Asks: 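Quick one: structure below, then a few questions.
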Amino acid sequence: IINSSTFTRVQKPLTVHTDRETLEYFIEHVEELTKHGRDFNRKELILEVKGHGKYGIQMPSKHVTGEFTLVERQPNKAIYMGHGNAKVFFNFSGAIVLEINYTTQKGEKEYHEEVKTAVHLKFDNAFLGFLAKVASPVILPKLDKLISKFSTKTKNVVESSYANKKNRK
């Protein structure tokens with residue numbers, strides 16, 4: 001999927017003020033994102049644990065449904081793969097790969113994690129994939145905005161959880 005994707009979007013590195021343990025907890029327990037804080041509401045993102053490392057995902061406002069799983073876990077890296085359906089002008093299905101790479105950085109006061117994400121999207125239907133590429137000047141800014149929004153919300157949940165953890169110590 002990565003090599004033959006319809007779109008690949010690499011996001012700017014995101015500084016997350018947390019420790020590695022907290023970040024990795026949320027990487028391995030994605031469902032916890034919707035349980036901590038108010039950043040994700042039920043209208044935006046619904047995550048469901050399906051078992052055996054599989055999650056269901058719904059984004060009602062974007063007409064997106066699907067499933068994904070953590071397929072690769074290495075030090076400083078996680079890769080999720082999913083398949084789903086969406087309705088934007090027309091119904092389509094496709095596969096998505098989310099790559100997350102992170103490194104510990106020393107800041108002025110404390111350490112933080114620098115997180116880099118890349119999203120690879122491939123349409124199941126080659127003709128719809130071609131149409132999407134033609135429409136990329138319209139589609140890519142919307143896709144980038146959606147990725148950025150969810151990255152920021154995830155960052156907020158992780159940082160809030162880390163702050164609560166530090167306050168309990």
Side-chain angles (χ1 to χ4, degrees), residues 1-14 16 23-36 39-103 113-158:
I1 290 173
I2 291 173
N3 295 330
S4 63
S5 63
T6 307
F7 297 119
T8 294
R9 307 308 295 159
V10 177
Q11 301 299 297
K12 291 186 296 185
L14 194 61
V16 182
L23 178 64
E24 289 179 341
Y25 175 80
F26 282 101
I27 286 173
E28 294 171 7
H29 301 278
V30 178
E31 73 281 2
E32 293 293 323
L33 289 173
T34 58
K35 296 177 184 175
H36 292 267
D39 288 285
F40 292 103
N41 65 49
R42 299 286 291 172
K43 293 179 185 171
E44 271 186 329
L45 179 67
I46 301 168
L47 294 172
E48 173 189 5
V49 178
K50 298 261 186 169
H52 305 294
K54 203 172 253 193
Y55 297 92
I57 184 170
Q58 292 180 43
M59 295 168 53
S61 64
K62 304 293 182 195
H63 308 286
V64 172
T65 61
E67 288 188 345
F68 68 94
T69 188
L70 178 62
V71 293
E72 186 176 326
R73 189 73 177 88
Q74 297 177 18
N76 305 324
K77 182 177 184 174
I79 298 177
Y80 296 92
M81 188 168 158
H83 192 273
N85 302 296
K87 183 179 179 181
V88 183
F89 307 121
F90 49 84
N91 291 323
F92 64 91
S93 62
I96 189 167
V97 173
L98 170 64
E99 291 183 89
I100 301 170
N101 292 285
Y102 52 96
T103 55
E113 296 296 321
E114 184 175 280
V115 181
K116 297 175 186 172
T117 59
V119 176
H120 309 276
L121 182 64
K122 181 176 180 161
F123 288 77
D124 288 342
N125 181 307
F127 179 70
L128 292 179
F130 172 76
L131 289 178
K133 280 191 176 195
V134 169
S136 64
V138 173
I139 292 174
L140 292 181
K142 290 180 185 282
L143 182 59
D144 288 341
K145 184 178 177 183
L146 183 65
I147 294 167
S148 177
K149 178 181 177 180
F150 282 103
S151 294
T152 300
K153 287 180 178 247
T154 300
K155 171 186 169 166
N156 293 344
V157 170
V158 172

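As the structure is a prediction and not an experimental result, all values here were calculated from the model.
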Asks: Search all heavy atoms of I79 against all heavy atoms of K77 and return the closest pair with its distance.
Replies: CD1-CE, 3.6 Å
Asks: Please examine the side chains of V97 and V119, heavy atoms only from C-beta on, and report whether any two atoms are closer than 4.5 Å.
Replies: no
Asks: Would E67 and Y55 count as having a side-chain donor-acceptor pair, cut-off 3.5 Å?
Replies: no
Asks: List the steps, then state whether side-chain contact (heavy atoms from CB on, under 4.5 Å) holds for I100 with Y102.
Replies: CA-CA 7 Å; I100 301 170; Y102 52 96; 4.2 Å; yes
Asks: So with a 6.0 Å cut-off around CE of M59, is the heavy-atom count from everything else above 12?
Replies: yes
Asks: Heavy atoms, side chains only, cut-off 4.5 Å: are P60 and I46 in contact?
Replies: yes
Asks: For residues A95 and D124, report the shortest heavy-atom separation together with the two atoms involved.
Replies: N-OD1, 4.2 Å
Asks: Closer than 4.0 angstrom, basic N to acidic O: yes or no for E24 and R73?
Replies: yes
Asks: Of the non-hydrogen atoms in S151 and L14, which two are nearest, and what is the gap between them?
Replies: O-CD2, 3.7 Å
Asks: What do the steps show when you test T117 against L98 for side-chain contact (heavy atoms from CB on, under 4.5 Å), and what is the final call?
Replies: CA-CA 7 Å; T117 59; L98 170 64; 4.2 Å; yes
Asks: Short question: side chain of T154, backbone of F150 - any donor-acceptor pair under 3.5 Å?
Replies: yes
Asks: Starting at CG of N76, measure out to CG of N101 and round the result to the nearest 0.5 Å.
Replies: 8.0 Å
Asks: Rounded to the nearest 0.5 Å, how far apart are NZ of K149 and CD1 of I147?
Replies: 13.0 Å
Asks: Parallel, tilted or perpendicular: which describes the rings of F92 and F123, with under 30° parallel and over 60° perpendicular?
Replies: tilted
Asks: Would you mind reporting whether H120 and E99 have side-chain heavy atoms less than 4.5 Å apart?
Replies: yes
Asks: Any chance you could measure K155, atom NZ, to S148, atom OG, to the nearest 0.5 Å?
Replies: 10.5 Å
Asks: Between the side chains of T6 and K133, is a donor N or O closer than 3.5 angstrom to an acceptor N or O?
Replies: no
Asks: Measuring from L146:CG to K62:NZ, what's the distance to the nearest 0.5 Å?
Replies: 6.0 Å
Asks: Looking at T69 and G53, would you say the former's side chain and the latter's main chain have a donor-acceptor pair under 3.5 Å?
Replies: yes
Asks: If every non-hydrogen atom of S136 is compared with every non-hydrogen atom of P141, which pair is closest and at what distance?
Replies: O-CD, 3.7 Å
Asks: Go through Y80 and I96 one step at a time and tell me if the side-chain contact (heavy atoms from CB on, under 4.5 Å) criterion holds.
Replies: CA-CA 8 Å; Y80 296 92; I96 189 167; over 6 Å; no
Asks: Taking all atoms of both residues into account, what is the closest heavy-atom pair of A86 and V64, and its distance?
Replies: CB-CG2, 3.9 Å
Asks: Any side-chain heavy-atom pair from Q11 and D144 closer than 4.5 angstrom?
Replies: yes
Asks: Heavy atoms, side chains only, cut-off 4.5 Å: are L140 and R9 in contact?
Replies: yes
Asks: Write down the atom of K50, the atom of G56, and the distance for their closest heavy-atom approach.
Replies: CG-N, 3.6 Å
Asks: Can you list the steps and then say if L47 with V30 is a side-chain contact (heavy atoms from CB on, under 4.5 Å)?
Replies: CA-CA 8 Å; L47 294 172; V30 178; 3.7 Å; yes
Asks: Working to the nearest 0.5 angstrom, can you tell me the gap between T65 OG1 and H83 NE2?
Replies: 10.5 Å
Asks: Can you measure from CZ (F7) to CG (L143) and round to the nearest 0.5 angstrom?
Replies: 7.5 Å
